[in-house]
Amino acid sequence: MRLNTPDRLAVILGTNEIASAVAVLLRRGGCGVVLSHDPLPPVIRRKMAFHDALFDDAVSVAGVVAQRADTGFEIRTNLGRAPGVIVTELGLLDLIVLRSLDILIDARMQKYLATPDLRRLARLTIGLGPGFCSGANCDVAIETRPDKTGQIIQHGPSEPPDGVSRRLGSLWGERFVRSEFSGRWKTAIEIGTRVFKDFIVGHLGNTPVRAPFDGILRGIVRDGTEVPAGVKLLEIDSRGRKAHWTGLDSRGRLIANAVAKAISLQETTPPESAGRALHLIKP
């Protein structure tokens with residue numbers, strides 16, 4: 001049986017909420033999309049991401065569903081049949097041999113790790129966030145810092161990390177709880193649950209981890225995950241009825257739309273054709 005394989009294949013490194021927002025836009029534009037999981041940093045905003053499809057959970061983000069694939073054969077088959085995106089634990093070296101990649105996007109948000117040179121691994125390579133330099137390790141870099149989110153850099157580096165979290169309501173970085181040491185994370189609390197100050201949200205090893213203040217659990221590392229020291233374990237949204245923990249947030253939309261614009265600028269197809277293929281995600 002002949003498979004209706006998409007004309008363009010996009011591989012996205014990462015399964016977090018930013019990678020997932022980009023995946024939604026590309027899939028809506030008709031691209032075949034494969035998200036490649038990386039364990040660092042752990043994904044916390046899992047209700048905004050395709051991450052949990054890796055564990056065979058039913059996952060849908062903004063109306064786009066995800067399906068897990070464990071082998072190259074499954075990916076090739078599902079690209080022609082799956083209605084949504086594909087999520088896999090296969091790495092980039094396993095994926096580049098499937099077929100030539102049209103678009104490769106590094107959305108892992110590994111701010112403090114060494115950044116690989118993605119150029120020549122796909123027709124267009126895009127790096128999101130710190131560590132990327134257009135013309136040095138990617139074709140196009142896109143800013144993710146709060147004050148510059150979505151800026152497209154066609155020449156030169158993106159801004160280095162400054163360690164400052166974006167504001168959510170009246171809070172900044174204090175809404176996150178980080179791991180004080182490495183260990184296995186255990187929790188039975190679901191995202192979207194209302195928690196109160198000092199409520200035990202989970203355990204890192206045998207050490208209880210408490211909520212820093214009242215609010216809605218916006219994100220949390222999946223139960224059973226091995227985590228290193230210094231990563232985000234959970235996030236509390238203190239905005240009450242304005243709390244948001246599902247779908248696409250404004251930052252994800254901005255970055256995804258910037259990716260669409262970068263693709264339109266770089267592709268050889270006429271601009272009007274690229275515009276029809278990748279419709280911007282509206283607020």
Side-chain angles (χ1 to χ4, degrees), residues 1-38 43 45-92 94-108 122-124 126 128 191-192 222 244-249 252-253 255-260 262-264 267 269 273-283:
M1 179 175 62
R2 182 180 178 84
L3 300 179
N4 183 26
T5 305
D7 292 334
R8 293 189 294 176
L9 174 59
V11 167
I12 302 174
L13 305 181
T15 54
N16 55 54
E17 79 281 3
I18 300 301
S20 299
V22 173
V24 166
L25 184 144
L26 293 177
R27 188 68 189 100
R28 287 177 178 175
C31 291
V33 179
V34 179
L35 295 96
S36 172
H37 170 61
D38 192 290
V43 177
R45 296 178 187 141
R46 294 181 290 110
K47 294 296 184 182
M48 300 180 180
F50 292 117
H51 175 75
D52 282 355
L54 289 166
F55 304 89
D56 292 324
D57 290 0
V59 177
S60 175
V61 178
V64 176
V65 297
Q67 181 174 337
R68 169 183 165 181
D70 296 322
T71 66
F73 176 78
E74 289 180 354
I75 292 174
R76 291 172 65 93
T77 301
N78 291 338
L79 279 172
R81 295 175 179 169
V85 302
I86 297 170
V87 181
T88 184
E89 290 188 341
L90 295 179
L92 181 57
D94 299 303
L95 298 175
I96 59 177
V97 299
L98 297 178
R99 54 167 278 191
S100 60
L101 306 185
D102 297 289
I103 304 166
L104 174 59
I105 301 167
D106 193 332
R108 293 175 293 177
R123 294 177 183 174
L124 174 63
I126 300 175
L128 306 184
I191 293 173
R222 188 179 177 97
H244 177 221
W245 62 88
T246 62
L248 304 177
D249 68 358
R253 290 190 185 95
I255 294 171
N257 288 339
V259 169
I263 292 171
S264 296
E267 284 189 331
T269 54
S273 174
R276 287 196 301 270
L278 293 174
H279 298 287
L280 301 185
I281 299 176
K282 297 179 181 179

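A donor-acceptor pair under 3.5 Å is formed between the side chain of Asn257 and the backbone N or O of Arg253. Remark: the backbone N or O of Leu13 is not paired with any side-chain donor or acceptor of Ser36 at under 3.5 angstrom. Asn78 places no side-chain N or O within 3.5 Å of a backbone atom of Arg81 that could act as its donor or acceptor partner. In this structure, Arg27 contributes its side chain and Cys31 its backbone to a donor-acceptor pair below 3.5 Å. Under the 3.5 Å distance criterion, the side-chain polar atoms of Asn16 are left unmatched by any main-chain donor or acceptor of Val43. For Arg123 (side chain) and Ile103 (main-chain N/O), no donor-acceptor pair under 3.5 Å exists by modelled atom type.
Between Leu54 and Thr88, the shortest heavy-atom contact is CD2-C, 3.7 Å. Of all non-hydrogen atoms in Ile126 and Ala262, the two that sit nearest each other are CD1-CB, 4.3 Å. Nearest heavy atoms, Gly14 versus Ala19: O-CB, 3.3 Å. Closest of all the heavy-atom pairs between Ala66 and Val87 is CB-CG2, 3.9 Å. The shortest non-hydrogen separation linking Val64 to Phe50 is O-CE2, 3.2 Å. Nearest heavy atoms, Val59 versus Ala53: CG2-N, 3.5 Å.
A heavy-atom distance below 4.5 Å is not found between the side chains of Asp102 and Asp7.
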Derivation of the side-chain contact (heavy atoms from CB on, under 4.5 Å) call for Leu90 and Val34: CA-CA 10 Å; Leu90 295 179; Val34 179; over 6 Å; no
Check against side-chain contact (heavy atoms from CB on, under 4.5 Å), His244 and Asp249: CA-CA 8 Å; His244 177 221; Asp249 68 358; 3.9 Å; yes
Working for side-chain contact (heavy atoms from CB on, under 4.5 Å), residues Val33 and Leu35: CA-CA 7 Å; Val33 179; Leu35 295 96; 4.1 Å; yes
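In this structure, the separation between CG on Leu104 and CD1 on Ile96 is 9.0 Å, given to the nearest 0.5 Å. Between atom CG of residue Leu9 and atom CD1 of residue Ile75 there is a gap of 9.0 Å, rounded to the nearest 0.5 Å. Of the inter-residue distances, the one linking Ile263 atom CD1 with Ile105 atom CD1 reads 5.0 Å to the nearest 0.5 angstrom. The CZ atom of Arg8 lies 13.5 Å from the CG atom of Leu101; values are rounded to the nearest 0.5 Å. How far NE2 of His37 is from CD1 of Ile12: 15.0 Å, rounded to the nearest 0.5 Å.
Residues passing the side chain to side chain donor-acceptor pair (under 3.5 Å) test with Ser20, sequence neighbours excluded: none. For Arg46, the side chain to side chain donor-acceptor pair (under 3.5 Å) criterion is met by Asp52, not counting sequence neighbours. Shown here are the salt bridge (charged side-chain N to carboxylate O under 4.0 Å, His left out) partners of Asp38, two or more places apart in sequence or in another chain: Arg108.
Within the structure, every pair that satisfies the ring pair (Phe, Tyr, Trp, His ring centres under 6.0 Å) test and touches residues 55-82, not counting sequence neighbours, is listed here: His51-Phe55. Every pair passing salt bridge (charged side-chain N to carboxylate O under 4.0 Å, His left out) that includes a residue from residues 53-67 is listed here, sequence neighbours excluded: Asp56-Arg68, Asp57-Arg222. Pairs passing the salt bridge (charged side-chain N to carboxylate O under 4.0 Å, His left out) check and including a residue from residues 13-25, sequence neighbours excluded, read Glu17-Arg45.
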